[in-house]
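Worksheet: the structure to be examined is printed underneath.
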Amino acid sequence: MAEFDYDLFVIGAGSGGVRASRIAASHGARVAVAEEYRIGGTCVIRGCVPKKLLVYASQFAEELGHASGYGWTVEGARFDWGALRDFVASDVDRLERAYTSTLDNNKVEHFAERATVAGPNRVRLGSGREIRARHILIAVGAWPVKPDFPGNELCITSNEVFHLPELPKRVVVQGAGYIAMEFAGVFNALGSQVTVVNRSDAILRGYEEALRERLLAITQARGIEYRFGNPIQRVKQQADGSLLVHTATGAPLEADVVLVATGRRPKTDGLGLENAGVALGANGEVPVDAYGATICPSIHAVGDVTDRVQLTPVAIREGHALADTLFGGKPRTTAYDHIPSAVFSQPPLAGVGLTEAQARAEHGEIKVYTSDFRPMKNLFSPKAERGFYKLVVDGATDRVLGVHMIGPEAPEILQAVAIAVKAGLTKAQFDETIALHPSMAEELVLMR
Ligand code: NDP
């Protein structure tokens with residue numbers, strides 16, 4: 001009898017776990033994965049993918065608003081939340097099937113049940129069955145955290161927001177990070193009255209300041225209200241079913257939905273890592289080295305559960321590198337510099353590399369170039385919203401250290417320019433590139 005049932009047992013079939021499983025199997029490893037909910041994980045089932053579909057859907061409202069300026073008469077346009085919700089759910093089903101086929105096609109066995117760590121080389125399934133594995137990969141992701149206040153059970157998180165029975169008329173969003181700003185934008189565009197309440201006095205802390213200021217101004221002009229330095233103190237249900245939200249100061253807010261988006265914590269409760277001698281970090285994360293290895297040589301972790309960078313492409317890269325390291329004869333780490341990121345707010349913003357403040361702290365002498373422009377597409381918009389791009393350049397070497405953008409299609413443009421920043425190109429090389437006219441992206445090579 002073989003010493004182990006599998007070479008690799010993966011707990012969690014999200015982005016990182018599925019990629020690690022598939023690549024490990026392609027290297028010839030015998031692989032199994034356990035998933036207690038749905039194959040695909042947060043990104044596919046209740047995150048990036050369904051969120052982006054809601055963003056696209058809500059943007060039609062703006063497009064229809066512009067259309068008359070371009071000669072279109074749009075009569076009888078109506079929005080049906082139920083139709084959108086069901087379409088999004090059916091696309092999530094399709095993607096889950098695609099992910100499942102990927103596992104099947106790569107001969108990765110999957111168990112539709114919870115799995116916990118029973119020892120350095122032992123996994124216990126929900127059914128009670130025990131499995132012996134040469135390596136165990138923890139890829140269980142993270143889970144939304146709700147601050148502790150009376151009535152928090154009446155509030156939803158991003159897990160539930162895709163299943164609302166109807167479009168809420170009034171939404172209170174607690175938090176002003178990625179998830180809060182994306183859903184505030186969706187509900188605002190779809191016609192809900194939106195109030196964002198946050199504990200600090202800022203949105204998207206950590207993002208380039210000029211972009212945050214622009215997003216705040218534009219979203220306020222679009223009708224989103226903000227209460228800063230003012231987290232929720234309690235929520236009560238009223239006789240008509242609606243919610244009354246009390247914050248530290250100001251009149252209570254009436255809401256049909258309260259969405260809490262105050263960060264996500266590694267989902268390690270009850271995972272049994274102590275049975276392998278692996279102690280969790282302060283936020284419940286699994287501490288790992290650059291190769292994804294824990295203190296126990298047979299236990300590894302990738303993705304949100306390690307609480308490093310909570311982004312899907314990073315989890316995928318970590319999962320791939322781990323499989324190559326363990327089974328491909330190619331030990332690899334993941335580089336965490338120059339990770340592009342975007343917030344699919346309305347308008348969206350995106351950035352790569354150092355912010356102006358970070359560059360000043362790290363490089364001393366820097367040069368900053370900006371472009372504040374009116375996107376051509378907005379010509380007929382009554383809102384007159386402007387885009388804003390910033391290049392942060394090292395004064396000594398002329399290297400572009402960071403690019404930050406807010407405006408239509410900013411994430412699409414940023415992905416391409418991230419290649420140039422990662423490659424270490426200089427501002428002079430940006431300038432040598434001939435503009436593609438007329439476009440918004442041409443601003444990147446025209447800043448002087
Ligand atoms: P974020 O960390 O982005 O934002 C959390 C927000 O909640 C902040 O505004 C923070 O306030 C506030 N907050 C945190 N803790 C508390 C608390 N105890 N009480 C009250 N307020 C609190 O978290 P999200 O939940 O929005 O997203 C989680 C992660 O998911 C992101 O960090 C990102 O990595 C990922 N994500 C990425 C997306 C993308 O790439 N487009 C989209 C969605 C999620 P403050 O900081 O102002 O003090």
Side-chain angles (χ1 to χ4, degrees), residues 14-16 41-56 141-150 152 155-162 172-186 195-207 209 211-212 215-216 219 224 226-235 245-248 258-267 282-285 303-318 336 339-352 405-406 410-412 414-415 418:
S15 300
T42 296
C43 176
V44 170
I45 305 295
R46 51 180 176 268
C48 329
V49 172
K51 177 276 311 283
K52 188 78 184 274
L53 292 173
L54 293 191
V55 170
Y56 277 137
W143 201 248
V145 189
K146 276 189 197 172
D148 203 12
F149 55 79
N152 72 358
C155 307
I156 64 165
T157 69
S158 55
N159 285 350
E160 294 81 38
V161 73
F162 301 103
V172 169
V173 182
Q174 155 105 314
Y178 281 75
I179 297 177
M181 294 312 297
E182 290 180 346
F183 281 100
V186 165
T195 309
V196 172
V197 301
N198 198 28
R199 65 176 179 184
S200 75
D201 62 354
I203 61 171
L204 296 169
R205 220 142 45 89
Y207 247 90
E209 197 173 342
L211 269 53
R212 299 194 274 131
L215 181 65
L216 181 63
T219 52
I224 296 180
Y226 290 88
R227 279 193 185 185
F228 288 117
N230 213 347
I232 295 179
Q233 292 199 322
R234 61 183 192 280
V235 176
V245 182
H246 295 264
T247 58
V258 180
L259 171 64
V260 174
T262 49
R264 296 168 54 83
R265 187 177 181 273
K267 199 165 180 278
N283 198 30
E285 76 275 17
D304 287 1
V305 77
T306 64
D307 207 20
R308 289 174 291 180
V309 182
Q310 291 188 344
L311 294 175
T312 298
V314 175
I316 290 173
R317 188 60 72 93
E318 290 170 352
Y336 295 98
I339 297 174
S341 68
V343 184
F344 294 96
S345 47
Q346 300 187 30
L349 50 85
V352 65
M405 320 167 64
I406 179 168
E412 302 291 340
L414 193 277
Q415 174 71 83

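In each ligand, atom 1 is the first atom listed, and ligand 1 is the first ligand listed.
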Starting from atom 39 (C) of ligand 1, what is the nearest protein heavy atom, named by residue and atom, and what distance separates them? Y178 CD2, 3.3 Å

side-chain hydrogen bond (donor to acceptor under 3.5 Å, both in side chains) with R264: which residues, sequence neighbours excluded? T42

Looking only at protein heavy atoms, which one is nearest to atom 42 (C) of ligand 1, and how far off is it? E182 OE1, 3.3 Å

Supply the atom-to-atom distance M181 CE to L204 CG, rounded to the nearest 0.5 angstrom. 6.0 Å

Under the 3.5 angstrom rule, does the side chain of R212 hit a backbone N or O of I203 as a donor-acceptor pair? yes

Residue that, paired with K51, satisfies side chain to side chain contact (heavy atoms under 4.5 Å, CB included) out of V49, L54, V55: V55

Output for pair (Q346 CD, L215 CG), nearest 0.5 Å, gives 10.0 Å

What residue and atom, counting heavy atoms only, is the protein's closest point to atom 25 (O) of ligand 1, and at what distance? G263 N, 2.9 Å

Output yes when the distance from some N or O of ligand 1 to some N or O of Q174 is under 3.5 Å, and no in every other case. no

Would you check whether V343 has a nitrogen or oxygen atom less than 3.5 angstrom from a nitrogen or oxygen atom of ligand 1? no

Is the backbone N or O of G303 less than 3.5 Å from a side-chain atom of E318, with the two atoms forming a donor-acceptor pair by type? yes

Considering only non-hydrogen protein atoms, determine which one is nearest to atom 6 (C) of ligand 1 and report residue, atom name and distance to 0.1 Å. A261 O, 3.6 Å

Atoms in ligand 1 with a heavy atom of L311 nearer than 4.0 Å: 37 (C), 40 (O)

Could you tell me the separation between the CD atom of Q233 and the OG1 atom of T247, rounded to the nearest 0.5 Å? 7.0 Å

Donor-acceptor pair, T262 side chain versus V145 backbone, under 3.5 Å? yes

Only heavy atoms of A342, strictly under 4.0 Å: list the atoms of ligand 1 that pass. 39 (C), 40 (O), 41 (N)

R264: numbered ligand 1 atoms lying under 4.0 Å from its heavy atoms: 28 (C), 30 (O)

Taking atom OH of Y336 as the centre, report whether more than 12 heavy atoms of other residues, nucleotides or ligands fall under 6.0 Å from it. yes

Among all protein non-hydrogen atoms, which one is nearest to atom 18 (N) of ligand 1, and what is the separation to 0.1 Å? R199 NH1, 3.8 Å

Closest non-hydrogen protein atom to atom 44 (C) of ligand 1, residue and atom name please, with distance? I179 CG1, 3.5 Å

Q415 side chain to E412 backbone, donor-acceptor under 3.5 Å: no

Does any N or O atom in A176 lie less than 3.5 angstrom from one in ligand 1, N or O only? yes

Considering only heavy atoms of K51, which atoms of ligand 1 have at least one such atom less than 4.0 Å away? 41 (N), 42 (C)

Please could you name the atoms of ligand 1 that R205 approaches to less than 4.0 Å, counting only its heavy atoms? 45 (P), 46 (O), 47 (O), 48 (O)

F162 and F183 aromatic centres sub-6.0 Å: yes

Heavy-atom distances under 4.0 Å are what count here, so tell me which part of P147 touches ligand 1: side chain, backbone, both or neither. side chain

With respect to F344, determine whether any N or O atom, backbone or side chain, lies less than 3.5 Å from an N or O atom of ligand 1. no

Please report which non-hydrogen protein atom sits nearest to atom 47 (O) of ligand 1, along with the residue it belongs to and the distance in Å to one decimal place. S200 OG, 2.4 Å

Do N198 and ligand 1 have an N or O pair less than 3.5 Å apart? yes

Around atom 1 (P) of ligand 1, find the nearest protein heavy atom and jot down its residue, atom name and distance. G177 CA, 4.0 Å

Just verifying a value: how many Å separate N230 CG and Q174 CD, rounded to the nearest 0.5 Å? 9.5 Å

Which atoms from ligand 1 have a heavy atom of Q310 less than 4.0 Å away? 28 (C), 29 (C), 30 (O), 33 (C), 34 (O), 35 (C)

